[in-house]
Amino acid sequence: MAGEESRSFRSLKELAKKSENKTCADCGAPDPDWASCSLGIFICLSCSGIHRNIPSIGKVKSLRMDHWDEAQVQFMAQHGNAEAKAIYEAHVPVYYYQPTHMDCQVLREQWIRAKYERREFKEPGKQSPFFNGMKEGNLWKRGRDNGQYLIRKFVLSERDGTLKYYVKHDAKEPKVCIKVNTLNATLQPEKIRNPNGLQLTYLKDNKTRHIFVYHEDGKEIVDWFNAIRRAQFHYLKVAFPIASDNEVKCRLTRNFLREGYMEKTGPRQTEGFRKRWFTLDHRRLMYFKDPLDAFAKGEVFLGSSDHGYDVKQGLPPGIQGNSTWHYGITIVTPDRSYLLTCENESDQQGWIATFQKIINQSMTPQECTVEAHFKHRS
Ligand SMILES: *[C@@H]1O[C@H](CO)[C@@H](O)[C@H](O)[C@H]1NC(C)=O
Ligand SMILES: *[C@@H]1O[C@H](CO)[C@@H](O)[C@H](O)[C@H]1NC(C)=O
Ligand SMILES: *[C@@H]1O[C@H](CO)[C@@H](O)[C@H](O)[C@H]1NC(C)=O
Ligand SMILES: *[C@@H]1O[C@H](CO)[C@@H](O)[C@H](O)[C@H]1NC(C)=O
Ligand SMILES: *[C@@H]1O[C@H](CO)[C@@H](O)[C@H](O)[C@H]1NC(C)=O
Ligand SMILES: *[C@@H]1O[C@H](CO)[C@@H](O)[C@H](O)[C@H]1NC(C)=O
Ligand SMILES: [Zn+2]
């Protein structure tokens with residue numbers, strides 16, 4: 001008997017290693033070694049934890065540690081990741097964000113709930129209320145100056161292409177009206193210190209403005225996130241009628257390329273180094289006193305090497321800074337050099353690699369216009 005069991009068990013592990021089953025059915029992480037034995041899918045440890053917390057979608061087991069009986073092995077053999085995808089992801093809207101293993105918990109959990117618990121994608125059009133092109137509701141918004149979170153009414157209109165928020169529930173005029181084509185939304189649980197924290201970034205008079213919000217309910221915040229993506233999708237489809245769905249999808253809300261603390265000096269390089277929070281949004285490198293500041297203290301445009309931009313490891317010789325960190329980076333722009341320091345070598349190498357990738361890419365005509373505006377301002 002024991003021999004039988006180990007053979008079928010071995011065949012199960014063989015199945016898990018094969019192409020479609022080689023990545024987690026829910027987040028794409030490599031080499032999943034857990035399974036949902038009720039859905040017949042191979043998943044990673046992290047997704048198995050989410051499944052376990054939603055008893056209504058079934059039972060999870062470890063491929064390595066748990067006992068599998070013949071019937072369960074048979075069941076797994078008859079299903080698998082490709083089949084589950086064909087059923088539960090049959091009608092995922094193009095704009096709907098499908099998280100990876102790099103994404104935060106709330107995005108991954110709501111994706112799993114949407115697929116198997118609410119079965120939103122099994123049939124076309126079976127979706128939450130935001131799918132009628134309008135979404136209205138309350139979110140906790142961080143006050144710009146005092147950092148206190150207060151309830152604000154938000155209204156997203158796909159037809160107008162705007163996201164507005166109101167200070168009072170019955171206010172006639174919105175406090176802020178954001179055009180969806182200038183808006184970026186990213187889930188930022190760590191920065192906001194809330195598992196459902198959402199950062200909204202937009203351009204106001206060509207300056208980047210951040211708004212930080214959250215909702216107690218994970219579904220609600222992910223609905224907002226996807227509703228914004230839907231409104232942007234709609235806007236871009238109208239603005240670029242010949243673009244394919246996939247081209248448009250790439251231009252929806254996206255994550256920052258990199259964020260973190262570095263120290264920097266001022267333009268004369270004699271003011272001493274100050275610790276700042278840096279956020280890189282493609283060619284815009286912004287720095288803040290505090291990660292939750294509404295406005296950046298400064299923004300640096302990162303052009304391409306053929307326009308005179310460069311990034312070097314280390315600081316120029318003779319810099320007598322008071323920097324507490326020792327891993328230097330010099331960013332050269334046509335106007336001036338920016339001297340930065342990182343806390344450790346891996347951080348330094350990470351930033352340099354990201355900067356280099358951007359500077360190696362040639363600039364589009366639109367980016368040249370943005371560059372000209374930056375020069376004009378400084
Ligand atoms: C993936 O696993 C399922 C069973 O769980 C199996 O039917 C299918 O053939 C496997 N895929 C490949 C490519 O081996
Ligand atoms: C938002 O993302 C778009 C690309 O989708 C980008 O062009 C724009 O600069 C970003 N805006 C802000 C304010 O970060
Ligand atoms: C460097 O000196 C400036 C004042 O000249 C100060 O504000 C800053 O905090 C100092 N930085 C470090 C890392 O000690
Ligand atoms: C390097 O510094 C970053 C942030 O400053 C930190 O997150 C990371 O853990 C550090 N890495 C090492 C290897 O110390
Ligand atoms: C960018 O180009 C430089 C030299 O032209 C090269 O050394 C570097 O590897 C490139 N980096 C990336 C990320 O493409
Ligand atoms: C914003 O920048 C664009 C170029 O990117 C420029 O045409 C426009 O006049 C600027 N608007 C303001 C309000 O500065
Ligand atoms: Zn996973």
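Along the sequence shown, residues are numbered consecutively beginning with 1. Ligands are counted one by one from 1 in listed order, and the atoms in each one are counted from 1 as well.
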Ring centroid separation H51 to Y116 under 6.0 Å | yes

Is it possible for you to check whether K275 lies under 6.0 Å from the centre of the six-membered ring of Y261, through NZ or CZ, and within 45° of that ring's axis?
-> yes

Might you list the protein residues in contact with ligand 3, defined as having a heavy atom under 4.0 Å from one of its atoms, sorted by chain and number?
-> E263, E271, G272, F273, R274, N322, T324

Any idea which atoms of ligand 4 are less than 4.0 Å away from a heavy-atom of E343?
-> 2 (O), 4 (C), 5 (O)

Row check, Y95 ring normal vs K249 NZ/CZ: under 6.0 Å, within 45° | no

Angle subtended at the Zn ion (ligand 7) by SG of C44 and SG of C47, nearest 10° | 110°

Metal-centred angle, SG of C27 through the Zn ion (ligand 7) to SG of C24, rounded to 10 degrees | 110°

Among Y338, W277, F278, Y327, whose side-chain contact (heavy atoms from CB on, under 4.5 Å) with M262 holds?
-> F278

Under 3.5 Å, is there a donor-acceptor pair between the Q188 and E259 side chains?
-> yes

So among D281, T354, D347, which one has a side chain to side chain donor-acceptor pair (under 3.5 Å) with R258?
-> D347

Derivation and outcome, side chain to side chain contact (heavy atoms under 4.5 Å, CB included), residues V300 and Y309 | CA-CA 11 Å; V300 181; Y309 294 82; over 6 Å; no

Using a cut-off of strictly less than 2.8 Å, determine whether H101 has an N/O/S atom near the Zn ion (ligand 7).
-> no

Cationic tip of K61 above W68 ring, under 6.0 Å, 45° of axis = yes

